[in-house]
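The next block holds one structure in the form of structure tokens; read it before the comments.
FYI, side chains are in, hydrogens and waters are out, and symmetry mates aren't considered; it's all heavy atoms of this structure. All residue numbers refer to positions in the sequence shown, counting from 1. Both ligands and their constituent atoms are indexed starting at 1 by order of listing.
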Amino acid sequence: MPFRPRYTGLIERYRDRLPIHDNTRIISLGEGNTPLIRLNNIPDLLGAEVEIYVKYEGLNPTGSFKDRGMTMAVTKAVEQGSRAIICASTGNTSASAAAYAARAGITAFVLIPDGKIAQGKLAQAMMHGSVVIQIKGNFDEGMKLVKEVAERAPVTIVNSINPFRLQGQKTAAFEIVEELGRAPDYHCLPVGNAGNITAHWIGYCEYSSGSGAQVTEACVFCASEGHCRFASGAIVGNRPKMVGYQAAGSAPFIQGHMVDNPETVATAIRIGHPQSWDHAWTVQKESGGWFDSCTDAEILHAQKLLAEKEGIFCEPASATSLAGALRDIKTGKIAAGSTLVCTLTGHGLKDPDTAIQQSTAPVLTIAAELSRVQKAIEDNLA
Ligand code: AN7
């Protein structure tokens, strides 16, 4: 049998495109390399001539895309001698930070909104031995506190304001281009802090650019003046229109300003003060994409549809990408004949409570008797 090298994570795979030294100790759990699944049944239901792929980021080691950024952020924190990391989180960042800190043998402090994160994520932060700090406040208040405390205490912030996070997350775009042989026409993502949509754009630009271009203003992505690797002028390949969807009760990009009391069933994106505000607007303008919002009902409907019709279980926030795309396909805003990728950012098992609450499938409770089981089958055969 031909020898296939063991996959050891995205830093090893994309080493030449990441800020990593030859002797850097890499903190990895084998993240990245997630499936790009072509939807079969949903496009038929829609009657739409579109190719929809979902990038199933819920299959990362801790069940979300955060691991792509966390392997980089923790690797660099350790390289720089840090003994502790800290983040504010709606749940997935804390789960990922806790796991990678455990792997590295350092301490993770995680600030989470009391009672507002999904059970699975809380379980992860606790199991990996992080210091869980529940605050009587939301994510945005937690983020503000984290920034303030990091100026006073020896801790490295691993939220997406840490530039190494976006560097790791850009690799999702590399994987997509390599599998499709080109960039999709549209790339749809759920948007909270807007770190991930920014990271994907960096990835697509880097992949499609030659050697960069001269820029007159400081580049928002690499902060360089003069020569920028990502500048539009250098683009040789195709890049997607980037489309960001938010939950209606938590939609600063659609309202055009920060939101103070965000609410949504999709707790992962219950964020009113996005940290990558400026970057995301640049991405929207450069790519020719747009932002829009989805109601909680639309989000849950898309989550259910994916689970029932395609066998793919993602968490509510993740389904926002498909919910928005389905609407934009119906209205023709996403053109017939196009290829699109929707990122499913986190696994459905993260939030079992929401799944069970909205499930309408019959759960039968019967006596442990053959005749009763037989009857249940007869009654329910399609
Ligand atoms: C499943 O964990 O912000 O727009 O603290 O968990 O890059 O913020 C989570 C964000 C989408 C939004 N989907 O991504 C956190 C956190 C899921 C998420 C997002 C998040 P960004």
Side-chain angles (χ1 to χ4, degrees), residues 54-60 62-70 73 86-99 108 110-113 116-118 120-122 124-125 130 135 138-143 146 157-162 165-166 168-170 172 187-203 242-247 250-253 262 264-277 279-281 283-284 291 294 299 302-303 313-324 342-351 354:
V54 292
K55 181 72 168 159
Y56 197 11
E57 291 287 277
L59 291 193
N60 275 296
T62 78
S64 86
F65 73 96
K66 304 287 181 180
D67 297 340
R68 288 184 188 273
M70 207 55 72
I86 190 168
C87 64
S89 181
T90 56
N92 279 325
T93 301
S94 56
S96 187
V110 306
L111 270 76
I112 54 174
K116 289 287 188 181
I117 81 166
K121 304 173 188 179
L122 181 60
Q124 289 177 292
S130 66
I135 60 161
N138 61 25
F139 168 85
D140 303 305
E141 291 163 297
M143 192 66 240
V146 162
I157 299 178
V158 294
N159 283 100
S160 55
I161 56 170
N162 177 326
R165 278 276 311 274
L166 301 193
Q169 286 169 217
K170 76 184 179 186
H187 190 132
C188 307
L189 288 131
V191 169
N193 277 305
N196 210 24
I197 197 168
T198 304
H200 277 78
W201 187 240
I202 295 174
M242 302 299 294
V243 185
Y245 297 111
Q246 299 206 281
S250 187
F253 284 104
T264 169
V265 69
T267 52
I269 50 172
R270 188 170 166 270
I271 295 166
H273 291 241
Q275 297 298 308
S276 293
W277 178 259
H279 289 184
W281 284 114
V283 171
Q284 181 265 320
F291 294 110
C294 302
I299 291 170
Q303 185 197 17
F313 191 18
C314 68
E315 66 170 288
S318 308
T320 310
S321 60
L322 184 69
C342 294
T343 297
L344 302 180
T345 42
H347 202 288
L349 291 173
K350 292 270 191 178
D351 190 353
T354 305

Is a side-chain N or O of Gln303 found less than 3.5 angstrom from the main chain of Cys314, in a donor-acceptor match? yes
Side-chain donor/acceptor of Thr343 to backbone N/O of Thr345, under 3.5 Å: no
Give every pair formed by an N or O atom of ligand 1 and a protein N or O atom closer than 3.5 Å, one pair per line with both atom names and the distance to 0.1 Å, or write none.
unit_1: ligand 1; atom_1: 2 (O); unit_2: Ser89; atom_2: OG; d: 3.1
unit_1: ligand 1; atom_1: 2 (O); unit_2: Thr90; atom_2: OG1; d: 3.4
unit_1: ligand 1; atom_1: 2 (O); unit_2: Asn92; atom_2: N; d: 3.2
unit_1: ligand 1; atom_1: 2 (O); unit_2: Thr93; atom_2: N; d: 2.8
unit_1: ligand 1; atom_1: 2 (O); unit_2: Thr93; atom_2: OG1; d: 2.9
unit_1: ligand 1; atom_1: 3 (O); unit_2: Lys66; atom_2: NZ; d: 3.4
unit_1: ligand 1; atom_1: 4 (O); unit_2: Gly192; atom_2: N; d: 2.8
unit_1: ligand 1; atom_1: 4 (O); unit_2: Asn193; atom_2: N; d: 3.3
unit_1: ligand 1; atom_1: 4 (O); unit_2: Ala194; atom_2: N; d: 2.7
unit_1: ligand 1; atom_1: 5 (O); unit_2: Ser89; atom_2: OG; d: 3.0
unit_1: ligand 1; atom_1: 5 (O); unit_2: Thr90; atom_2: N; d: 2.8
unit_1: ligand 1; atom_1: 5 (O); unit_2: Thr90; atom_2: OG1; d: 3.4
unit_1: ligand 1; atom_1: 5 (O); unit_2: Thr93; atom_2: OG1; d: 3.3
unit_1: ligand 1; atom_1: 6 (O); unit_2: Asn92; atom_2: ND2; d: 2.8
unit_1: ligand 1; atom_1: 7 (O); unit_2: Gly195; atom_2: N; d: 3.2
unit_1: ligand 1; atom_1: 7 (O); unit_2: Asn196; atom_2: N; d: 2.8
unit_1: ligand 1; atom_1: 8 (O); unit_2: Asn193; atom_2: N; d: 2.7
unit_1: ligand 1; atom_1: 13 (N); unit_2: Thr345; atom_2: OG1; d: 2.7

Ring geometry between Trp277 and Phe253 (parallel below 30°, tilted from 30 to 60°, perpendicular above 60°): parallel
Please identify each residue that fulfils salt bridge (Lys or Arg N to Asp or Glu O under 4.0 Å) with Lys350, with sequence neighbours left out. none
For Arg270, enumerate each residue passing the salt bridge (Lys or Arg N to Asp or Glu O under 4.0 Å) test, keeping only those at least two apart in sequence or located in another chain. Glu263
Using the test ring pair (Phe, Tyr, Trp, His ring centres under 6.0 Å), find all partners of His273 that sit at least two apart in sequence or belong to another chain. none
